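Reviewing the structure listed below.
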Amino acid sequence: MSKKVLIGVAWPYVNGDIHVGHLGGYLLPADIVARFHRLKGDDVLMVSGSDCYGTPITVEADKKGLKPEEVVDMYHKKDLELFKMYGLDYNLYTKTTTQKHKEVVHEVFLKLLDNGYIEKGVMQQYYAIDDNQFLPDRYVEGTCPYCNAGNQRSDQCESCGRWLKDGELIDPVSKLTGSKVTLKDTEHYFLNFEKLESQLREYLDANKENWKKWVWNEANGWLKEGLQRRAITRDMDWSIDLPIEEIKKRDESKQLKDFAGKHIYVWFEAVIGYLSATRAWCEMEEGTSDTIFKRDEGQSRNWEDWWKSSDSVIYNFMGQDNLVFHALMWPGQLMGLDDGYQLPKFVVVNKFLNYEGKKFSKSRNWTIDSKVIAEKYGVDLVRYYIARNLPENKEGNFTWEDFVASVNNELVANLGNLVNRTLTFINSKFNGELESENFKPDMTLSQTALKLMIKTKAFLFFEGITEKERESGEKDMVYNPEINNWLGSEQFEYLNRFTELQNGSNGPWLVNALDTVMGYSRLANQYFDATKVWERVKEGKDGKDQAQEILLNLVNVLYDLSIIMYPFMPETSGKLLRMLGRETIKTEMGSDMWKSVFDEDCTRQLITHLKLSEVELLFDKLDPEKVLAEKDSTD
RNA sequence: CGCGGGGUGGAGCAGUGGUAGCUCGUCAGGCUCAUAACCUGAAGGUCGUGCGUUCGAAUCGUACCCCCGCAACCA
């Protein structure tokens with residue numbers, strides 16, 4: 001039976017364009033891991049959607065003179081197109097404005113209420129007197145009590161940088177109407193995290209080895225500090241309603257005095273999207289125009305298989321600003337349901353990806369349009385560059401100069417060149433066809449090649465080698481089982497790690513995994529040189545037979561590469577496979593493409609016959625001057 | 001003393017007690033199948049600073065300096 005893997009990707013706010021930083025922070029890492037699991041034939045469900053409610057949306061709507069719904073529709077549509085373009089392979093990408101989401105949110109709310117984790121409380125909030133409405137902090141401005149600067153936000157004075165507490169702002173007024181604002185008591189529901197603390201402690205301790213160290217430490221820091229109850233309702237119209245009718249059936253002690261204007265706070269509701277989207281996907285027959293939808297043959301349509309089965313694994317991907325919600329709040333919500341829910345096992349958080357050393361900033365026009373860059377340079381180049389710069393441990397940086405260098409010196413020079421030199425060689429010397437019944441796993445390689453491979457750790461190819469022999473590289477060894485033996489044992493430890501996360505590896509470390517792909521390509525280039533295959537073909541029939549075997553070896557490496565690069569560069573993978581005359585990757589459940597490369601039992605079928613399709617360049621070289629001009633255009 | 005992360009050759013990063021590594025760049029050489037690509041070799045680091053623990057510290061402790069993130073509805 002296929003393992004169930006649920007990949008929950010943080011829900012992007014639909015108040016602006018998705019830039020390269022979002023891609024690097026969580027969108028692309030999630031997609032890479034999802035594709036990896038699909039290669040292994042796992043039953044993968046990747047869900048996410050647009051986070052549609054809350055103040056950021058209404059702020060953007062005001063700015064554009066639109067209704068919140070219109071802003072949501074506009075950006076949701078744009079995001080859908082962008083994600084399709086980047087090949088982000090969601091099973092369901094939906095939004096939080098759906099009926100299903102609302103239903104599930106209500107269900108969760110009521111369950112937590114009944115279980116005693118939600119309680120009432122009174123807090124103070126800004127209230128516009130003339131307009132008769134509560135205002136979010138963002139909509140209040142006044143004079144800073146410290147530096148007397150006017151027109152400052154209620155939370156921070158931009159002039160002197162001080163943080164302001166509620167009520168400190170002098171002469172606060174509504175940004176919308178100019179109406180005078182005061183602080184007023186307001187009753188809300190709160191989630192009592194204190195009651196969940198010991199369970200959260202257990203949860204963290206159980207996952208110490210599964211999360212990156214800094215992620216765990218940060219979550220641990222929050223928990224040690226002590227979690228306080230947190231408001232889960234607001235006086236804010238652009239939000240999901242409370243299930244008032246249902247609440248009214250409850251005991252009086254659970255009811256607010258006045259439900260008017262009370263809505264569910266976005267932080268509480270958005271994460272429930274993982275659950276609601278799973279359930280929606282299970283019930284859906286097909287996608288709609290405002291979703292990305294995909295279902296493979298044989299995938300389970302019982303949502304509990306992902307959420308309540310012990311052999312399902314849940315991942316969550318997010319940017320660092322979302323850490324506390326995913327590492328503590330959301331697990332807390334699930335615990336409070338007390339209904340056998342699986343908790344996220346891998347909370348995968350990345351830091352931010354900066355742009356030329358500075359934070360991406362829409363307001364300062366310091367941003368790269370994800371769509372434009374992909375159109376110009378190709379999705380896979382961008383995917384590659386982002387993937388190799390993922391801010392897994394510390395902030396990453398996107399620079400145009402580095403982008404060109406990475407593409408030209410790594411992708412083109414190493415991987416692209418390997419493919420091109422191998423395939424054009426086969427074309428010119430063998431008319432694009434190879435066939436060797438003699439191609440067996442026990443072929444003997446040249447001494448030089450041996451030495452090289454031994455040095456580069458490829459010695460794991462060979463059986464019975466001693467440390468001394470390894471150092472000298474002298475032994476005339478036999479090329480043992482297959483290339484994949486080596487793959488399985490050493491190089492692919494990384495790739496294996498990034499999902500299994502065994503041995504306390506605190507991953508996933510996608511950068512390392514990508515490094516492995518490139519390292520494998522580099523090794524093949526060394527092999528090409530060491531075997532001097534271009535000389536072999538000049539040495540009569542024997543030489544040509546040898547060359548054929550060498551090339552078949554290389555072809556098999558290319559096949560491996562096309563598969564292991566797939567999670568990172570799916571388009572390129574398909575392109576390479578087509579050139580090799582192979583089928584492109586199928587990642588249906590149970591297809592187990594991974595096993596065709598990575599298989600401990602070495603049952604893999606080697607390619608012994610080859611008929612090349614038309615050969616083309618895998619990547620085009622970038623013109624540095626043209627690309628560097630991009631930088632100036634954003635200044 | 002709010003919480004947390006980081007400071008390792010020109011750049012970007014691995015490395016958490018035992019001869020300082022990788023990718024890119026630089027320099028020299030080789031090769032010519034290949035997108036002036038590939039391969040080999042070399043130069044280049046007192047691992048932020050001081051003190052301490054230890055036979056031994058980039059790695060542990062401590063003090064300090066610098067950069068950054070979060071704490072706010074910025075991914």
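Since we're looking at a predicted model, the values are computed, not measured. Residue numbers begin at 1 in each chain, while the letters A, B, ... track the order of the sequences.
A salt bridge between A:R383 and A:E571 is absent, with no side-chain N of the basic residue lying under 4.0 Å from a carboxylate O of the acidic one. Using a 4.0 Å cut-off between charged nitrogen and carboxylate oxygen, A:E539 and A:R536 count as a salt-bridge pair.
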(message) With side chain to side chain contact (heavy atoms under 4.5 Å, CB included) as the criterion, how do A:V14 and A:V71 come out once you've worked through the C-alpha distance, each side chain's angles and the decisive distance to 0.1 Å?
(response) CA-CA 7 Å; A:V14 277; A:V71 168; 5.8 Å; no
(request) Report the C-alpha separation of A:N389 and A:D402 in whole Å, then their side-chain angles, then the decisive distance to 0.1 Å, and conclude whether the side chain to side chain contact (heavy atoms under 4.5 Å, CB included) test is met. (result) CA-CA 10 Å; A:N389 283 294; A:D402 193 43; 4.0 Å; yes
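Toward the 5′ end of RNA chain B lies the nearest nucleotide of A:K538, the other residue of the pair A:N525 and A:K538 mapping further downstream. Each of A:S521 and A:T422 was assigned the nucleotide of RNA chain B with the nearest heavy atom; the assignment lying further toward the 5' end belongs to A:T422.
Among B:A14, B:G30, B:C24, the nucleotide with an atom closest to any side-chain atom of A:D529 is B:G30. When the nucleotides B:C73, B:C38, B:C70 are ranked by their closest atom to the side chain of A:P56, B:C73 comes out on top. Checked against B:A37, B:U35, B:C24, the side chain of A:R522 finds its nearest nucleotide in B:C24. Closest approach to the A:E395 side chain among B:G5, B:G69, B:U23 is made by B:G69 (side chain taken as heavy atoms from C-beta onward). Proximity note for A:K394 (side chain, C-beta onward) versus B:A37, B:G6, B:C24: the nearest is B:G6. For A:E410, counting side-chain heavy atoms from C-beta on, the closest listed nucleotide (B:C33, B:C24, B:A71) is B:C24. Taking only side-chain atoms of A:W534, from C-beta outward, the nucleotide of B:G69, B:C70, B:U32 with the closest atom is B:U32. In this structure, the nucleotide among B:C73, B:U23, B:C70 sitting nearest to the side chain of A:F352 is B:C70.
Donor-acceptor pairing under 3.5 Å, judged by distance alone, is present between the side chain of A:N417 and the base of B:A34.
OP1 or OP2 of B:G5 sits under 4.0 Å from a side-chain N or O of A:N217. Within the structure, every side-chain polar atom (N or O) of A:K351 is placed at least 4.0 Å from both OP1 and OP2 of B:G5. For B:U40, one of the phosphate oxygens OP1 or OP2 lies less than 4.0 angstrom from a side-chain nitrogen or oxygen of A:Q526. Between A:N409 and B:G25, a side-chain N or O to OP1/OP2 separation shorter than 4.0 Å is present. Close to B:G2, at under 4.0 Å from its OP1 or OP2, lies no side-chain N or O of A:K224.
Nucleotide B:G41 forms a Watson-Crick or G-U wobble pair with B:C27, both donor-acceptor distances falling under 3.5 Å. The partner of B:U46, taking Watson-Crick or G-U wobble pairs whose two distances both stay under 3.5 Å, does not exist in any strand shown. Taking a pair to require two hydrogen-bonding distances under 3.5 Å in either a Watson-Crick or a G-U wobble arrangement, B:C70 pairs with B:G2. Across the strands present, B:G61 finds its partner in B:C51; the criterion is a Watson-Crick or G-U wobble pair with both atom distances under 3.5 angstrom. If you check B:C13 for Watson-Crick or wobble pairing at under 3.5 angstrom, you find it paired to B:G21.
B:G48 and B:C65 have their C1' atoms separated by 8 Å, given to the nearest Å.
The distance between the ring centers of A:W366 and A:Y355 falls below 6.0 angstrom.
A straight line from CG of A:N350 to P of B:C70 spans 15 Å, rounded to a whole angstrom. Going from atom CG of A:N322 over to atom C1' of B:G69 covers 14 Å, rounded to whole Å. Look at CG on A:L415: it is 12 Å from P on B:C38, rounded to the nearest Å. One can place CD of A:E535 at 16 Å from P of B:G30, the figure rounded to the nearest angstrom. In this structure, A:I57 atom CD1 and B:C74 atom C1' are separated by 13 Å, rounded to whole Å. Following rounding to the nearest Å, A:Q228 (CD) and B:G2 (P) show an atom-to-atom distance of 17 Å.
When all heavy atoms are compared, the tightest approach of A:L323 to A:W214 is CD1-CZ3, 3.9 Å.
Residue contacts for A:V412: at a heavy-atom cut-off of 4.0 Å it reaches a base atom on one of the strands shown. Contacts of A:L618 with the nucleic acid, taken as non-hydrogen atoms under 4.0 Å apart, include base atoms. Within the 4.0 angstrom heavy-atom criterion, base atoms lie near A:L353. Contact annotation for A:A413: backbone-only contact, meaning every heavy-atom pair under 4.0 Å involves sugar-phosphate atoms and none involves a base. The residue A:G54 sits apart from the nucleic acid: no heavy atom pair falls under 4.0 Å.
The aromatic ring of A:F528 sits over the base of B:C33, with ring centres less than 5.5 Å apart and planes inclined by under 30°.
We find the OH-OG distance between A:Y75 and A:S50 to be 12.0 Å, quoted to the nearest 0.5 Å.
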